[in-house]
Participant: 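My structure is below; once you've seen it, I'll send some questions.
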Amino acid sequence: MAEYDYLLIGAGPAVAAASGAIRSKDSVGNIGILGAEPEAPYQRPPLSKGLWLDKDKEADLALRSAEDWAALNVDLLLGDPVIRLDPQQRLVETISGKMHTYQKALLAMGGRARQFDLPKELQERVFTLRSLEDYRRLHTRATAGGEVAVIGGGFLGAELAAALSQQANLQVFYAVSGAGPLASLLSDVLQEKINARYRAAGVRLETRKKLSRLRANDTRLILDFEEGHTASCDFLVYAIGMEANIGLAERAGLKLANGGVAVDAQLCSSDSHIWVAGDLATYPDPVWGTPIRLEHWDNAEVTGHAAGLAMVGAASAFAHQSLFYSDLYEFGFEAIGNCQNQMECRTALSPDGAQAVVYYCENHQVHGVLLWNVWGKVDSARQLIAAQTDPGSDAWANALQEW
């Protein structure tokens with residue numbers, strides 16, 4: 001049985017950041033990382049973006065080299081998922097039967113792709129994307145060409161539909177349940193722009209279509225939608241978000257909230273020896289104090305770093321406003337705060353229409369900002385939100401709208 005001062009469960013950006021933060025303050029405590037995948041922590045955003053467009057290479061995805069991990073003096077225990085957490089004994093058990101004890105633990109296992117209920121005979125023609133292995137499998141099939149259906153209007157579906165539409169010998173049918181890709185985020189004017197861009201790229205975009213059944217004939221998958229619409233394809237990518245891996249925490253009796261594990265401003269759970277970071281952590285919003293859980297790369301890194309510092313007793317209250325971003329064709333954006341289009345949305349367009357800033361308002365205050373083809377303004381947007389700015393004031397937007 002291995003004993004660790006710090007046992008980090010998960011192998012993504014949150015754990016990578018936490019291990020560095022711990023080692024920056026504690027040079028002697030032993031650190032173990034337990035990861036379900038066989039790979040050491042790697043970048044995930046390129047799985048739906050840069051790898052498809054030759055902007056990134058698999059060899060460059062690792063967050064640290066083997067030499068860097070060795071220099072940190074960290075035990076990488078990979079390809080062996082944790083199946084049991086016993087907070088009373090401060091013990092975890094892996095699927096291989098190995099036992100590890102800890103003084104302090106971090107839960108940062110991220111999530112898993114939502115699955116469509118499929119007959120076994122169709123599973124080889126249906127893909128999800130969450131891991132490097134998922135990417136390799138999908139890339140192999142996409143390279144063979146044909147017609148692919150992408151289901152899902154969130155970040156993953158939008159990015160994959162755009163990336164796949166730029167592959168040779170591949171036609172893309174893209175179905176979303178809302179008004180278009182990223183419909184829960186984009187204001188109306190940006191929704192029109194992005195819908196038109198997908199169609200200009202040759203994507204067969206269908207809006208307000210919700211998949212209800214998947215079947216097959218001898219050669220094609222048949223998609224039946226709730227609205228009565230039917231389509232067909234050679235293979236399908238199901239990209240309807242993720243489900244946080246809360247099972248371990250739930251079985252261990254940790255307090256849950258908002259689909260994740262409830263933590264305080266130091267990212268500590270209801271057990272004083274267990275911290276939580278990344279997609280799993282539901283923490284107090286640094287501006288509004290309400291519970292928030294985010295599933296984005298920046299959030300994983302910064303919560304992981306903060307949790308690592310907290311584990312060595314070097315943390316203050318978590319105060320970072322995480323950003324999220326995407327690149328779709330020639331459009332790129334960064335967003336900060338609570339950005340939902342059912343809020344009051346105020347969209348400011350540049351004179352040529354190429355740039356935009358969207359302000360998401362509630363109770364006469366700016367809660368979120370989306371910067372569309374506007375760069376270098378994230379800190380200004382954070383300041384606008386942190387000041388709980390009244391959108392009725394005259395000078396509230398000037399710092400962001402420098403066209």
Side-chain angles (χ1 to χ4, degrees), residues 1-82 92 94-96 98-110 129-137 139 245 267 275-280 296-315 320 322 325:
M1 183 181 295
E3 300 178 0
Y4 288 98
D5 296 304
Y6 308 98
L7 188 59
L8 316 181
I9 304 172
V15 160
S19 61
I22 292 168
R23 191 54 82 215
S24 72
K25 301 295 183 180
D26 184 346
S27 61
V28 297
N30 59 339
I31 302 172
I33 291 177
L34 283 165
E37 294 182 55
E39 288 87 10
Y42 60 89
Q43 301 176 59
R44 293 184 190 271
L47 300 183
S48 58
K49 296 193 273 288
L51 285 176
W52 296 94
L53 306 174
D54 293 326
K55 295 179 180 178
D56 296 292
K57 303 295 182 186
E58 278 195 40
D60 299 326
L61 296 188
L63 290 172
R64 290 195 180 99
S65 67
E67 293 76 18
D68 289 338
W69 284 114
L72 275 180
N73 192 21
V74 169
D75 291 343
L76 288 175
L77 311 168
L78 304 174
D80 195 11
V82 174
V92 300
T94 68
I95 199 168
S96 70
K98 292 184 173 66
M99 303 284 190
H100 306 277
T101 61
Y102 61 87
Q103 292 301 311
K104 298 177 181 179
L106 174 68
L107 303 184
M109 301 89 68
L129 184 62
R130 183 68 186 168
S131 68
L132 185 54
E133 184 55 37
D134 291 338
Y135 161 78
R136 290 166 177 158
R137 178 173 172 256
H139 186 267
N245 286 325
L267 300 169
W275 284 258
V276 186
D279 301 340
L280 290 183
H296 298 291
W297 182 265
D298 176 67
N299 183 66
E301 285 193 320
V302 294
T303 56
H305 185 266
L309 292 179
M311 293 170 79
V312 295
H320 180 78
S322 290
Y325 69 94

Participant: With sequence neighbours excluded, tell me which residues meet side chain to side chain donor-acceptor pair (under 3.5 Å) with N245.
Facilitator: R112
Participant: Verify, without hydrogens or angle tests, whether W52 (side chain) and L47 (backbone) share a donor-acceptor contact under 3.5 angstrom.
Facilitator: yes
Participant: Which residue pairs pass the ring-ring contact (aromatic ring centres under 6.0 Å, His included) test with at least one member in residues 29-48, sequence neighbours excluded?
Facilitator: none
Participant: Please lay out, stage by stage, how I33 and L77 fare under the test side chain to side chain contact (heavy atoms under 4.5 Å, CB included).
Facilitator: CA-CA 6 Å; I33 291 177; L77 311 168; over 6 Å; no
Participant: By ring pair (Phe, Tyr, Trp, His ring centres under 6.0 Å), which residues pair with H296, not counting sequence neighbours?
Facilitator: F155, F324
Participant: Who are the salt bridge (charged side-chain N to carboxylate O under 4.0 Å, His left out) partners of K57, not counting sequence neighbours?
Facilitator: D54
Participant: Y4: what forms a ring pair (Phe, Tyr, Trp, His ring centres under 6.0 Å) with it, not counting sequence neighbours?
Facilitator: none
Participant: Verify, without hydrogens or angle tests, whether Q43 (side chain) and D60 (backbone) share a donor-acceptor contact under 3.5 angstrom.
Facilitator: yes
Participant: Where do R44 and E39 land on the salt bridge (charged side-chain N to carboxylate O under 4.0 Å, His left out) test, with the steps shown first?
Facilitator: CA-CA 12 Å; R44 293 184 190 271; E39 288 87 10; over 6 Å; no
Participant: Charged N to carboxylate O below 4.0 Å: is that the case for R130 and D279?
Facilitator: yes
Participant: For H139, what residues pass the side chain to side chain donor-acceptor pair (under 3.5 Å) criterion, not counting sequence neighbours?
Facilitator: none
Participant: Keeping to residues at least two apart or across chains, list the ring-ring contact (aromatic ring centres under 6.0 Å, His included) pairs with something in residues 13-32.
Facilitator: none
Participant: List the residues meeting side chain to side chain donor-acceptor pair (under 3.5 Å) with R137, not counting sequence neighbours, and say none if there are none.
Facilitator: none
Participant: Who passes side chain to side chain donor-acceptor pair (under 3.5 Å) against T94, sequence neighbours left out?
Facilitator: D80, S96
Participant: Do V92 and M99 come within less than 4.5 Å of each other through their side chains, counting heavy atoms only?
Facilitator: no
Participant: Would you tabulate the side-chain donor-acceptor contacts of residues 299-307 under 3.5 Å, counting partners in other chains and residues two or more places apart, or write 'none'?
Facilitator:
{"residue": "N299", "atom": "OD1", "partner": "Y283", "partner atom": "OH", "Å": "2.9"}
{"residue": "N299", "atom": "OD1", "partner": "S322", "partner atom": "OG", "Å": "3.2"}
{"residue": "N299", "atom": "ND2", "partner": "L294", "partner atom": "O", "Å": "3.3"}
{"residue": "E301", "atom": "OE2", "partner": "W297", "partner atom": "NE1", "Å": "3.4"}
{"residue": "T303", "atom": "OG1", "partner": "G278", "partner atom": "N", "Å": "2.9"}
{"residue": "T303", "atom": "OG1", "partner": "N299", "partner atom": "O", "Å": "2.6"}
{"residue": "T303", "atom": "OG1", "partner": "A300", "partner atom": "O", "Å": "3.3"}

Participant: Listed by chain and number, what are the side chain to side chain contact (heavy atoms under 4.5 Å, CB included) partners of A40, not counting sequence neighbours?
Facilitator: W69, L76, L78
Participant: Tell me which donor-acceptor pairs under 3.5 Å the side chains of residues 7-32 have, and how far apart each pair is, sequence neighbours excluded?
Facilitator:
{"residue": "S19", "atom": "OG", "partner": "V15", "partner atom": "O", "Å": "3.3"}
{"residue": "S19", "atom": "OG", "partner": "A16", "partner atom": "O", "Å": "2.8"}
{"residue": "S19", "atom": "OG", "partner": "R64", "partner atom": "NH1", "Å": "3.1"}
{"residue": "R23", "atom": "NE", "partner": "L72", "partner atom": "O", "Å": "2.8"}
{"residue": "R23", "atom": "NH1", "partner": "D26", "partner atom": "O", "Å": "2.7"}
{"residue": "R23", "atom": "NH1", "partner": "G29", "partner atom": "O", "Å": "2.8"}
{"residue": "R23", "atom": "NH2", "partner": "G29", "partner atom": "O", "Å": "3.0"}
{"residue": "R23", "atom": "NH2", "partner": "L72", "partner atom": "O", "Å": "3.4"}
{"residue": "R23", "atom": "NH2", "partner": "N73", "partner atom": "O", "Å": "3.2"}
{"residue": "S24", "atom": "OG", "partner": "A21", "partner atom": "O", "Å": "2.6"}
{"residue": "D26", "atom": "OD1", "partner": "V28", "partner atom": "N", "Å": "3.0"}
{"residue": "D26", "atom": "OD1", "partner": "G29", "partner atom": "N", "Å": "2.8"}
{"residue": "D26", "atom": "OD2", "partner": "Y6", "partner atom": "OH", "Å": "2.7"}
{"residue": "N30", "atom": "OD1", "partner": "D5", "partner atom": "N", "Å": "2.8"}
{"residue": "N30", "atom": "ND2", "partner": "E3", "partner atom": "O", "Å": "2.7"}

Participant: Side-chain contact, heavy-atom cut-off 4.5 Å: L107 with W275?
Facilitator: no
